[in-house]
Amino acid sequence: MVREWDPRTASSAEIASLLDTLNAVLAADLPQDPPWRESSLREYLSEVMPGERRISWVAQAEPTANGTPGQILGHVHVLLLGDIGVLEVLVHPAVRRTGLGRTLVKLAARRLRDEGFQSIGVEVVGDTPAVAFYESLGFSREYVETRSVLDLNTVDWPALAEMATGIGAGYHLEFCPGGPPDDLIDAYARTKAEVRDVDDGELRPSSYDPQRLRDSLDTLHRRGMKPYIVLALHEQTGEVAGLTEVVVPAQHPTRADQYDTIVVQDHRGYGIDRAIKARMLLELRSAEPALSEVQTWNAQANEAMLKVNAELGYRPDREWCEYGADVAELVHRLDTTH
Ligand SMILES: CC(C)(COP(=O)(O)OP(=O)(O)OC[C@H]1O[C@@H](n2cnc3c(N)ncnc32)[C@H](O)[C@@H]1OP(=O)(O)O)[C@@H](O)C(=O)NCCC(=O)NCCS
């Protein structure tokens, strides 16, 4: 049975069942990734930025003979972001290749069409069945990044401590757990607005103005995701010359996610990228002792950032692709083929 589903009002048993399916998917497709935990999973699935909406459906097995609700075997949600719908689909490995994934995409695509959306996008992990799945539905590959993972057990900490201080004169670094301090929000937002050369997925838009930045930090906190920031401040102007953001999600707190890293054009060439990332890892080591890995996503053309990440010990892991389709064409294809 497939039905629209609201994670805010779902039973705890449903949330737990969805978690089981998510972990079965991870074990099948990304066995090196840590399994997810239930903490703040409901919030992770429900909370969105102001002005955004997420619509979800689940596929649930029939109740058992004694009336116990069936397992959640499939899930789709679509995040309505400005003019694009961003899709996520999960099907339990035990019931794949039965057409369920296709049914779930059809529901989301029809809703997007009804809401007047033209484009649909999805992040697809390289070397998993999702690649053949989305290609069979007519999605095309629009952008490819590389995910890299740093195992903190392999880090040369004394070398890292040196990198963290190897920064040109006239700058100092500041570690900000929880987000940028209030008096730096404006300068921080200006830096995010000026520079688009970020090492983050295209489907996660950055925050460019102070209010949007505050909203995005609030949303992160509500979703159970703890942000950490290291800033490089240019002493003469008070400008945020560089920043790097890492988020520790309650759902997989042993593996953190690197978000944006930005060095403003005029301040490049002073070792800021290397220093802020190294300082971040040193701080995380004491702030998050349970953390064992950090993952980051980079455009394959971003050689400077890839070089610094390699020096820090990041190892390329997988391709991470963005696929897209035109909503009307997708609905038409799904309605007219099997
Ligand atoms: C991608 C996914 C949703 C597909 O679900 P599914 O229910 O198996 O898909 P369907 O049965 O509807 O498949 C539709 C078509 O896609 C293609 N397809 C799907 N899986 C495929 C595979 N492993 N190999 C080749 N083609 C495949 C086929 O053309 C298939 O049609 P067919 O079975 O008639 O040949 C599922 O594998 C999944 O949940 N993957 C994890 C996705 C994810 O987000 N992961 C993130 C964390 S790893």
Side-chain angles (χ1 to χ4, degrees), residues 1-3 5 7 17-38 41 44-45 54-61 70-79 85-110 112 120-149 201-204 225 249 251-252 254-255 257 293 295-297 316-325 329-338:
M1 178 192 45
V2 178
R3 62 184 161 91
W5 183 76
S17 180
L18 177 57
L19 177 66
D20 285 347
T21 290
L22 170 64
N23 282 331
V25 165
L26 285 173
D29 293 352
L30 287 172
Q32 312 298 327
D33 279 39
W36 281 41
R37 305 177 183 180
E38 201 167 331
L41 183 58
Y44 178 85
L45 295 167
R54 188 186 285 117
I55 310 174
S56 311
W57 292 261
V58 290
Q60 188 168 20
Q71 206 186 332
I72 305 281
L73 295 170
H75 176 243
V76 56
H77 65 232
V78 66
L79 184 64
V86 180
L87 185 70
E88 262 188 69
V89 184
L90 287 179
V91 172
H92 195 291
V95 295
R96 287 184 181 173
R97 298 304 287 272
T98 62
L100 181 53
R102 196 185 154 87
T103 301
L104 294 171
V105 171
K106 200 193 257 193
L107 280 168
R110 281 187 176 158
L112 283 177
I120 182 165
V122 61
E123 280 193 3
V124 177
V125 185
D127 211 13
T128 70
V131 174
F133 172 71
Y134 288 107
E135 288 180 356
S136 83
L137 301 185
F139 280 76
S140 45
R141 184 182 284 217
E142 291 176 346
Y143 191 71
V144 185
E145 290 190 318
T146 301
R147 180 178 76 167
S148 304
V149 180
E202 289 275 286
L203 291 177
R204 275 178 289 178
M225 302 160 88
Q251 300 81 18
H252 51 89
T254 60
R255 184 184 282 197
D257 297 321
E293 295 167 313
Q295 56 188 355
T296 187
W297 290 263
D317 172 46
R318 300 241 175 188
E319 280 193 340
W320 220 265
C321 316
E322 278 172 27
Y323 276 75
E329 286 172 14
L330 177 64
V331 171
H332 180 71
R333 251 190 320 272
L334 288 166
D335 281 343
T336 51
T337 48
H338 46 269

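Residue indices begin at 1 and follow the sequence shown. Counting convention: from 1, in listed order, for ligands and their atoms alike.
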Gap separating the [atom1] atom of [X] from the [atom2] atom of [Y], nearest 0.5 angstrom:
X	Y	atom1	atom2	answer
Glu145	Glu319	CD	CD	11.0 Å
Leu22	Ser17	CG	OG	11.5 Å
Glu329	Ile120	CD	CD1	12.5 Å

N/O to N/O below 3.5 Å, does that happen between [X] and ligand 1?
X	value
Gly101	yes
Val25	no
Gly99	yes
Tyr134	no
Leu30	no

So the atoms of ligand 1 within less than 4.0 Å of a heavy atom of Arg102 turn out to be 12 (O)

Note: ligand 1 atoms sitting under 4.0 Å from heavy atoms of Val91 are 3 (C), 5 (O), 7 (O), 38 (C), 39 (O)

Taking non-hydrogen atoms only, is Thr98 closer than 4.0 angstrom to ligand 1 via side chain, backbone, both or neither? backbone

Below 4.0 Å, non-hydrogen atoms only: which portion of Asp29 touches ligand 1? Side chain, backbone, both or neither. side chain

Should Arg97 be listed as contacting ligand 1, given a heavy-atom distance under 4.0 Å as the test? yes

Determine, using heavy atoms of Val89 and all atoms of ligand 1, whether some pair is separated by less than 4.0 Å. yes

Fit a plane to each ring of Trp5 and His75, take the angle between them on a 0 to 90° scale, and name the class: parallel (under 30°), tilted (30 to 60°) or perpendicular (over 60°). perpendicular

Under a 4.5 Å cut-off applied to non-hydrogen side-chain atoms, are Trp297 and Thr146 in contact? no

So which pairs with a foot in residues 124-139 pass side-chain hydrogen bond (donor to acceptor under 3.5 Å, both in side chains), sequence neighbours left out? Glu135-Tyr323

Where Val76 and Ala108 come nearest, the two heavy atoms and their spacing: CG2-CB, 4.0 Å

side-chain contact (heavy atoms from CB on, under 4.5 Å) filter on Asp33, not counting sequence neighbours, yields Leu26, Leu30, Arg147, Arg255, Gln295

